[in-house]
Amino acid sequence: MDRSASLPSSPSSPSLHTRPAAEPARPPGSSALARAERFVWLSARVLEQRRFAYHFLGGGAEAVETALAAYLGTDGGYGHALDPDLRGPVSQPPHAVHALRVLDGIGRCGGQRVERLCRYLTSVSTPDGALPVCHPSPHGYPAAPWVPSADDPRGDLLTTGPVVGLLHRNEVWHAWLFRATDFCWAAVAALAEGGATARPYEVTAAVAFLDGAPDRARAEAAADRLGRRVREERLIVPPPAPEPAEDRPLAPGPGEPLQVHDIVRTPGSLARRWFTDAEVERSLDALVAAQQEDGGWPPHRRAWTPGATLEWRSVATIEALLTLRAYGRRI
């Protein structure tokens, strides 16, 4: 489904370096948004520059689509380090997650582009109809050390959950979704009931699925069960007070321990009810405090190569601003 019709219209040929005439120029350092804007123009990829322009400067969706198309493979998937932890041109499921999030954010998650992507997802699915974290590549392109490598990978909620949730959220219909949706329901149930080892990033994937699942009553019930485990086992620990990002300890896995705002990116998420108003506000305070001197936010990834770290920072910066704006925080 193309949701662009429900979004405010934008000029068909916007300039990415200009603002509407009525908007006064912002002096450097005057706001979190102004500092972030400088960081994006100095350091971000073209895709993130155009996403920033779309979300915060009145830019058009077409410019974002054009930048995203540079990562599109001939198989209908995405590659070329769209997800910075996977280098090289080969299409991989994490790139599909990233692409769908971009398309969903601009209201363009539908049409022939997504139909071709679903055919790619079908081609790389595991026997249970799910997506692996990483599909075996014969070329051995560089990847982050935490990315699993296996000749016979298993289906994983980390990739399947967000993809299925985003497709359902945009009312996409494709045969691939039937078994993939069943996989997600089973994986979320096992996660909620303690039948699977819980990783914070897996909780994020479960929430992404539940927030988009079409059976809302079932999704709400599953979210309640999962939320009880999250609280009981302290899988996501609300901060007692804002603390600098560099002072937070690293957990095993790709990055830092997740905070409330990483799970509950918008107030409408089913996971919002897991946390009190005070816990959410403290988490948002921590997010505000995490903006660094150069205007960007740190990524939730361990540094493994300088290029990937810088690319993740621009992604994290846009996500931080969108989260703060969703909660009504001044940016």
Quiz item: Between D128 and R179, is the closest basic N to carboxylate O distance under 4.0 Å?
Solution: no
Quiz item: Hey, are W274 and D224 close enough side-chain-wise for a donor-acceptor pair under 3.5 Å?
Solution: no
Practice problem: Answer yes or no: is there an ion pair linking E115 with R119, defined by an N-O contact shorter than 4.0 Å? | Solution: yes
Quiz prompt | Pair D277 + R272: basic N to acidic O under 4.0 Å | solution = yes
Practice problem: Apply salt bridge (charged side-chain N to carboxylate O under 4.0 Å, His left out) to E281 and R329, showing your working. | Solution: CA-CA 10 Å; E281 290 304 312; R329 289 294 187 102; 2.8 Å; yes
Quiz item: Quick one: are H55 and R325 in side-chain contact, heavy atoms under 4.5 Å?
Solution: yes
Practice problem: Is it possible for you to check whether R218 lies under 6.0 Å from the centre of the six-membered ring of W185, through NZ or CZ, and within 45° of that ring's axis? | Solution: yes
Self-check item: 4.5 Å side-chain heavy-atom contact, F209 and V163
Solution: no
Quiz item: Where do V114 and C109 come nearest, in terms of heavy atoms and distance?
Solution: CG2-C, 3.8 Å
Quiz item: Between NE2 of H300 and CD of E319, what distance do you get to the nearest 0.5 Å?
Solution: 8.5 Å
Practice problem: Could you tell me whether D156 and R199 make a salt bridge, using a distance below 4.0 angstrom between a side-chain N and a carboxylate O? | Solution: yes
Quiz item: Are side-chain heavy atoms of R313 and D294 found at a separation under 4.5 Å?
Solution: yes
Quiz item: Are any of the side-chain heavy atoms of L82 and L68 separated by less than 4.5 Å?
Solution: yes
Self-check item: Short N-O contact, R50 and E62, less than 4.0 angstrom
Solution: no
Quiz item: If you round to the nearest 0.5 Å, how far is CG of D104 from CZ of R108?
Solution: 13.0 Å
Practice problem: Indicate yes or no: at least one non-hydrogen side-chain atom of P132 is less than 4.5 angstrom from one of P93. | Solution: yes
Self-check item: Sidechain N-carboxylate O distance under 4.0 Å for R113, E65
Solution: yes
Exercise. Please name the pair of heavy atoms, one in A316 and one in P298, separated by the smallest distance, quoted to 0.1 Å.
Key: CB-O, 3.6 Å
Practice problem: Measure the shortest side-chain to side-chain distance between F183 and L131 over non-hydrogen atoms and say whether it is less than 4.5 angstrom. | Solution: no
Quiz item: Counting heavy atoms not belonging to R330, are there more than 12 under 6.0 Å from its CZ?
Solution: no
Practice problem: Group every Ile, Leu, Val, Met, Phe, Trp and Tyr by side-chain heavy-atom contacts under 4.5 Å, then state whether W41 and L321 land in the same group. | Solution: yes
Quiz item: Between the side chain of H168 and the main-chain N/O of A213, is any donor-acceptor distance below 3.5 Å?
Solution: no
Quiz prompt | Atom pair CZ/CH2 of R35 and W297 - distance to nearest 0.5 Å | solution = 7.5 Å
Exercise. For side-chain contact (heavy atoms from CB on, under 4.5 Å), just list the numbers for C118 and L167, CA-CA rounded to whole Å, side-chain angles, deciding distance to a tenth of an Å, and then say yes or no.
Key: CA-CA 9 Å; C118 287; L167 291 175; 4.0 Å; yes
Practice problem: Could you check if a side-chain atom of L191 sits within less than 4.5 angstrom of a side-chain atom of E202, using non-hydrogen atoms only? | Solution: yes
Quiz item: If you take all heavy atoms of A34 and S31, which pair is closest and at what distance?
Solution: N-OG, 3.0 Å
Practice problem: Kindly determine whether H261 and T323 satisfy side chain to side chain donor-acceptor pair (under 3.5 Å), including the steps that lead there. | Solution: CA-CA 7 Å; H261 60 260; T323 296; over 6 Å; no
Self-check item: Approximate separation, where rounding is to 0.5 Å, of L103 CG and L117 CG
Solution: 8.5 Å
Quiz prompt | L166 and R101, any side-chain heavy atoms less than 4.5 Å apart | solution = yes
Practice problem: Could you tell me whether R225 and E220 make a salt bridge, using a distance below 4.0 angstrom between a side-chain N and a carboxylate O? | Solution: no
Quiz item: W304 and D85: side-chain contact (heavy atoms from CB on, under 4.5 Å), yes or no, with the steps?
Solution: CA-CA 9 Å; W304 69 280; D85 285 341; 3.1 Å; yes
Quiz item: Where the side chain of S314 meets the backbone of E311, is there a donor-acceptor pair that is under 3.5 Å apart?
Solution: yes
Quiz item: Which is it for L322 and F56 under the side-chain contact (heavy atoms from CB on, under 4.5 Å) test, yes or no, and what are the steps along the way?
Solution: CA-CA 9 Å; L322 289 173; F56 305 107; 3.8 Å; yes
Quiz item: Does atom CD of E233 have more than 12 heavy-atom neighbours, drawn from other residues, nucleotides or ligands, at distances under 6.0 Å?
Solution: yes
Practice problem: Measure the spacing between CD1 of I236 and CG of L258 and express it to the nearest 0.5 Å. | Solution: 5.0 Å
Quiz item: If you look at every heavy atom in D75 and S91, which pair is closest and at what distance?
Solution: OD1-OG, 2.8 Å
Exercise. Find out if a path of hydrophobic residues (ILVMFWY) with successive side-chain heavy-atom gaps under 4.5 Å connects L86 to W146.
Key: yes
Quiz item: Any donor-acceptor pair under 3.5 Å linking the side chain of S123 with the backbone of Y120?
Solution: yes
Quiz item: In terms of hydrophobic clustering (I, L, V, M, F, W, Y; side-chain heavy atoms under 4.5 Å; direct or indirect links), are Y201 and W312 co-clustered?
Solution: no
Quiz prompt | Test: D211 and R169 ion pair at under 4.0 Å | solution = no
Quiz item: If every non-hydrogen atom of T122 is compared with every non-hydrogen atom of W176, which pair is closest and at what distance?
Solution: OG1-CB, 3.4 Å
Self-check item: Which atom of Y71 lies closest to which atom of R45, heavy atoms considered
Solution: OH-CD, 3.6 Å
Quiz prompt | V315, T66, V64, I318 screened by side-chain contact (heavy atoms from CB on, under 4.5 Å) with L47, the one that passes | solution = V64
Quiz prompt | Rounded distance (nearest 0.5 Å) linking atom CG of L121 with atom OG1 of T159 | solution = 9.5 Å
